[in-house]
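One structure is given here, and the rest of the page talks about it.
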Amino acid sequence: MKLGKVIGSVTATRKEGNLGGLKILVVSYLDENLADTKKTAACIDAMGAGEGDIVLLCSSSSARITQMTRNVASDNTIVGIVDAISSNNVYTYNKSKQQ
Amino acid sequence: MKLGKVIGSVTATRKEGNLGGLKILVVSYLDENLADTKKTAACIDAMGAGEGDIVLLCSSSSARITQMTRNVASDNTIVGIVDAISSNNVYTYNKSKQQ
Amino acid sequence: MKLGKVIGSVTATRKEGNLGGLKILVVSYLDENLADTKKTAACIDAMGAGEGDIVLLCSSSSARITQMTRNVASDNTIVGIVDAISSNNVYTYNKSKQQ
Amino acid sequence: MKLGKVIGSVTATRKEGNLGGLKILVVSYLDENLADTKKTAACIDAMGAGEGDIVLLCSSSSARITQMTRNVASDNTIVGIVDAISSNNVYTYNKSKQQ
Amino acid sequence: MKLGKVIGSVTATRKEGNLGGLKILVVSYLDENLADTKKTAACIDAMGAGEGDIVLLCSSSSARITQMTRNVASDNTIVGIVDAISSNNVYTYNKSKQQ
């Protein structure tokens, strides 16, 4: 999985039928210091994420192993909203401390 | 998924049988500012896209999870035609405003 | 899919049984201007391609969705031989005009 | 598979149901000299790895071919904890000699 | 598939059960001139390869389409040992001529 930050959303009226009703978010990949890698992807949101959220992304066929994306044309799905990232018991990210 | 812009098409008379009758388009990947990343792919068009359209691309085995590409040798399928991309409720792309 | 140019072939006597009898070609990936990207792959040839041919490559599990590669250990299969690539109704490549 | 070093962990209360109870670790990819490649991923831990461990990572659909990750939305799973890496019968890494 | 050169091996006592008894080799990817690309991977050896061998690597779900790796957590399997690579009927590599 990859860590990313939600930075936008995509609207597409004409799309594959199985994508109907699913939110498509633009996510920017982050490195382990949560610095922006300048690479982005469009992801299906299985979690109700919002802009600014740090999220966990699951790609390839595993992007379809969620309740909302079985049999959906998704190759990258948001499968978690990150609360905290720690290293050596020190938080490098703590959502509740953000503002 | 990735965002891309349709820039051309491919003709191949000799091709795998299951690709018969499907349009193969050349797509240039875009970053979140819709700037060209200079990377391209050939994609199966499941949407009736045209040159210049901003499209949503689905890769890997999920490229086969569309009505037109089940059991088709596609590793990258156009699964949507983008109307708009927004960030913080501001449009960074709006098809109806293009000319 | 990717566009590539066949530049060589691989011989391997000791190989996985299901690869028996299949031709393994070395392909150099091309960008949309058919310029060499200096990246190469070894691909299973499902089309009878020859050196110099511009080919269409299908990767990941979709590399196995051809008549010749079902249940074959291929992660990259030549699924088409390109006749022409066009952009804005202008040919950027036309096999019949090559020499 | 890739070699990586565990450098942290991720906490996510809101996540896909099938990820419940699984540890998500941040891993930094290593090259063959065990030098840090500066690329990281979040991985499901199927092995009980700890920070500092050199681990073996399995990606794509094969990330689900473990006892702990069948039917789990993982695209990258820790499938081994490395004891030693050798080249020409010389150890380039030996866990028991580390301190 | 990719071409690579076997440069080492990995020992892991704690590993996913289905990896038991399988050799894990470190492989360095080669370009078409057999120059080292400085990228490496750990691969399951389905062929009995040795250090120095030029091998054919199969990745993604196709890494499991071999007799030794069905239902094994491998995302990259050695599926052939290369005897020769030729371009325009000239050998760029010939194992029997190496020393």
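Keep in mind that what you see is a predicted model, and the values were worked out from it rather than measured. Note on naming: letters A, B, ... go to the chains in the order of the sequence lines (proteins, then strands), and numbering restarts at 1 for each one.
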Quick one, A/Asp45 and A/Ile24 - any side-chain contact, counting heavy atoms below 4.5 Å? no
Within a reach of under 6.0 Å around CG of A/Asn33, are more than 12 heavy atoms found that belong to other residues, nucleotides or ligands? yes
Interatomic distance, A/Tyr29 atom OH to A/Lys38 atom NZ [nearest 0.5 angstrom]: 16.0 Å
Side chain / backbone / both / neither for D/Val10 at chain A, heavy atoms under 4.5 Å: both
By side-chain hydrogen bond (donor to acceptor under 3.5 Å, both in side chains) - contacts of D/Asp83 (at least two apart): E/Thr13
Can you measure from CD1 (D/Ile44) to CG (D/Leu22) and round to the nearest 0.5 angstrom? 5.5 Å
For chain A, which residues from residues 47-61 of chain D lie under 4.5 Å away (heavy-atom distances)? D/Glu51, D/Ser60, D/Ser61
Positions in residues 62-77 of chain D that reach chain A, provided some heavy atom is under 4.5 Å away: D/Arg64, D/Asn71, D/Val72, D/Ala73, D/Ser74, D/Asp75, D/Asn76
For residues 2-9 of chain D, dump all side-chain donor-acceptor pairs below 3.5 Å to protein atoms at least two apart in sequence or in another chain.
from, atom 1, to, atom 2, distance (Å)
D/Lys2, NZ, E/Thr40, O, 3.0
D/Ser9, OG, A/Ser86, OG, 3.2

Pair count under 4.5 Å, heavy atoms only, with chain A: among D/Val27, D/Leu19, D/Thr11, highest is D/Thr11
Side-chain donor-acceptor pair under 3.5 Å between A/Ser28 and A/Asp36, yes or no? yes
Of the non-hydrogen atoms in A/Tyr93 and A/Leu34, which two are nearest, and what is the gap between them? CB-CD1, 3.2 Å
For residues D/Leu30 and D/Thr37, determine if any side-chain heavy atom of one lies less than 4.5 Å from a side-chain heavy atom of the other. no
